Amino acid sequence: MKTVGIIGGSGYTGGELLRILINHPEVDIRAVTSREHAGEPIFKLHPQLRKLTDLKFIEPDVEKISSSCEFVFLALPHGASAPVAKRLLESGVRVIDLSADFRLKNKDDYPKWYGWEHPCPELLEVAVFGLPEFHREEIRNAKLVANPGCIATASILSVAPAIKAGMVDGNRVVLDAKIGSSGAGANVSEASHHPEHSNIVRAYKPVMHRHTAEIEQELSLKAGGEKVTVALTPHAVDMVRGIMVTGHSFLRREVTMQELWRAYRELYQNEPFVRIVRDQKGLHQLPDPKNVVGSNFCDVGFELDPHAKRLVTFGAIDNLLKGAAGQAVQNFNLMIGVDERTGIKFAGVRPI
Ligand SMILES: NC(=O)c1ccc[n+]([C@@H]2O[C@H](COP(=O)([O-])OP(=O)(O)OC[C@H]3O[C@@H](n4cnc5c(N)ncnc54)[C@H](OP(=O)(O)O)[C@@H]3O)[C@@H](O)[C@H]2O)c1
């Protein structure tokens with residue numbers, strides 16, 4: 001058993017971490033924090049967990065938490081994580097950070113994409129980008145794992161095989177993302193107010209979205225170091241959970257369907273949480289968030305457009321699972337040396 005803490009346990013990703021970890025056979029949860037709700041049972045904020053756990057929220061006291069936990073998940077807003085992670089690491093705790101604070105390798109990318117200087121740039125070298133499909137071996141021994149962003153996870157996994165195979169022009173990969181309201185966390189805003197969020201397909205941050213940086217970083221690695229440039233535009237849509245990323249890339253040469261299958265199979269046929277979805281018949285021919293919500297799967301698919309010499313790619317995930325808490329537990333499983341499916345081997349919820 002490993003002793004585990006969650007700092008930022010009252011938010012949506014914190015709730016999903018708890019739902020998974022209270023049933024995880026290798027986990028003893030020692031600390032779950034909320035500044036506002038310290039002392040209250042966690043089911044007050046996460047009513048789905050009533051009768052499943054007696055845990056109560058505590059204050060985010062880093063010294064106390066590091067003396068009782070070997071592993072800590074940070075489910076804090078970006079900017080708030082870095083100083084907490086630094087103190088935990090100094091006490092010998094291994095950290096899985098769900099925020100963006102350690103995802104980018106180049107410290108100069110933080111002022112550019114996030115608007116602040118990184119407070120501990122030396123830790124960017126220590127951090128491992130927590131996408132198991134591409135960094136599994138480094139994750140096993142990592143002290144600090146930077147869990148990828150949700151739009152980034154669906155984007156990278158759906159486009160990477162074509163980039164790696166050199167099929168498409170890496171200078172203009174266009175990504176159109178649709179995301180449900182839980183992607184913005186539990187805090188309310190004008191944009192999340194029900195009459196303003198219902199029935200929408202609302203573009204936001206149409207250029208320079210922050211996830212662009214980590215998508216480019218990881219796809220460039222797959223391109224063998226050649227710089228990949230991504231044009232990302234997300235849309236808020238009328239779902240609670242789920243992300244759909246439709247990618248448009250332009251072919252460098254003639255590509256057959258067989259080659260595409262080979263490229264996707266090469267990367268994913270042994271991956272427990274990536275499914276290639278490209279059927280010829282029926283309703284479910286391509287990925288759809290509806291079929292992954294509630295699970296840790298990322299469904300990827302593709303179609304060739306000979307008219308426009310275009311490759312269309314599709315990536316669907318549950319933003320709170322493969323996009324956050326599920327992937328964080330997959331990383332944790334690798335770090336503790338157990339089957340990476342432990343605790344997250346469940347299907348999605350259907351119908352939803
Ligand atoms: N939502 C998603 O789909 C998603 C997907 C991928 C990654 N992420 C990332 O994961 C992180 C958590 O996201 P979320 O959606 O769970 O956010 P959230 O619902 O807003 O929850 C944030 C949590 O952090 C706590 N908190 C805020 N500021 C704090 C501080 N300075 N010190 C200690 N605790 C603090 C809050 O609790 P109290 O106020 O009660 O203390 C709350 O528990 C974010 O960095 C987000 O970008 C989210």
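Source: prediction; values computed, not measured. As the structure lists them, so they are numbered: ligands from 1, and atoms in each ligand from 1.
Proximity of a side-chain donor or acceptor of Glu138 to a complementary backbone N or O of Ala127 within less than 3.5 Å is not detected. A donor-acceptor pair is defined here as one N or O able to donate and one able to accept, closer than 3.5 Å; no such pair exists between the side chain of Asp305 and the backbone of Arg310.
The closest non-hydrogen atom to atom 7 (C) of ligand 1, taken over Leu98, Leu74, Thr33, Asn187, comes from Leu98. With atom 22 (C) of ligand 1 as the reference point, the heavy atom nearest to it among Gly79, Gly14, Ala75 is part of Ala75.
Near Pro77, the atoms of ligand 1 lying under 4.0 angstrom from a non-hydrogen atom of the residue are 24 (O), 26 (N), 27 (C), 28 (N), 45 (O). Within ligand 1, counting atoms from 1 as listed, the ones closer than 4.0 Å to a heavy atom of Asn319 are 2 (C), 3 (O), 5 (C). Numbered from 1 in the order shown, with element, the atoms of ligand 1 that lie under 4.0 Å from a heavy atom of Ala186 read 18 (P), 19 (O), 20 (O). Shown in contact with Ala324 at under 4.0 Å from a heavy atom are these atoms of ligand 1, numbered in order with element: 5 (C), 6 (C). When each atom of ligand 1 is checked for a heavy atom of Ser10 under 4.0 Å away, the hits are 36 (C), 37 (O), 38 (P), 40 (O), 42 (C), 43 (O). Near His78, the atoms of ligand 1 lying under 4.0 angstrom from a non-hydrogen atom of the residue are 45 (O). Heavy-atom contacts of Leu320 reach the following atoms of ligand 1: 1 (N), 2 (C), 3 (O) (cutoff under 4.0 Å). Each of the following atoms of ligand 1 lies closer than 4.0 Å to a heavy atom of Ser99: 45 (O).
Residue contacts with ligand 1 do not include Gly149, since none of its heavy atoms lies under 4.0 Å from the ligand.
Regarding atom 40 (O) of ligand 1, its nearest protein heavy-atom neighbour is Ser34 OG, 2.6 Å. Among protein heavy atoms, atom 21 (O) of ligand 1 sits closest to Gly11 CA, 3.3 Å. Among protein heavy atoms, the minimum distance from atom 6 (C) of ligand 1 is reached at Gly323 O, 3.0 Å. Looking at atom 39 (O) of ligand 1, its nearest protein heavy atom turns out to be Arg35 NH2, 2.9 Å. Annotation: atom 15 (O) of ligand 1 to nearest protein heavy atom, Gly185 CA, 3.2 Å. The protein non-hydrogen atom at the shortest distance from atom 44 (C) of ligand 1 is Leu76 O, 3.2 Å. Here the protein heavy atom with the shortest distance to atom 13 (O) of ligand 1 is Thr13 OG1, 3.7 Å. For atom 1 (N) of ligand 1, the closest heavy atom belonging to the protein is Ser182 O, 3.0 Å.
Inside a 4.0 Å radius of atom 46 (C) of ligand 1 there is not any protein heavy atom.
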Compile the donor-acceptor pairs under 3.5 Å between side chains in residues 49-59 and protein atoms, sequence neighbours left out, one pair per line.
{"unit_1": "Thr53", "atom_1": "OG1", "unit_2": "Leu55", "atom_2": "N", "d": "3.0"}

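Residue pairs meeting the salt bridge (Lys or Arg N to Asp or Glu O under 4.0 Å) criterion with at least one member in residues 70-79, sequence neighbours excluded, do not occur.
The pair Arg19-Glu16 counts as a salt bridge, with a side-chain nitrogen and a carboxylate oxygen less than 4.0 angstrom apart.
Atoms CD and OG, from Glu196 and Ser181 in turn, are 13.5 Å apart once rounded to the nearest 0.5 Å. How far CE of Met335 is from NZ of Lys2: 11.0 Å, rounded to the nearest 0.5 Å.
The aromatic rings of Tyr114 and His78 sit perpendicular, their planes meeting at an angle over 60°, well past the 30° parallel limit. Taking the six-membered ring where tryptophan is involved, the planes of Trp261 and Phe302 are perpendicular, since the angle between them exceeds 60° and thus also 30°.
A donor and an acceptor atom, one from each side chain of Asp28 and Thr3, are nowhere located under 3.5 Å apart. Counting only N and O atoms by type, the side chains of Asp101 and His118 include no donor and acceptor under 3.5 Å apart. Between Arg172 and His248, the side chains place no donor N or O within less than 3.5 Å of an acceptor N or O (distance only, hydrogens not considered). A donor and an acceptor atom, one from each side chain of Asn147 and Asn331, are located under 3.5 Å apart.
At a 4.0 Å heavy-atom cut-off, ligand 1 does not touch Ala100 at all.
Ligand 1 has a nitrogen or oxygen under 3.5 angstrom from a nitrogen or oxygen of Gly8.
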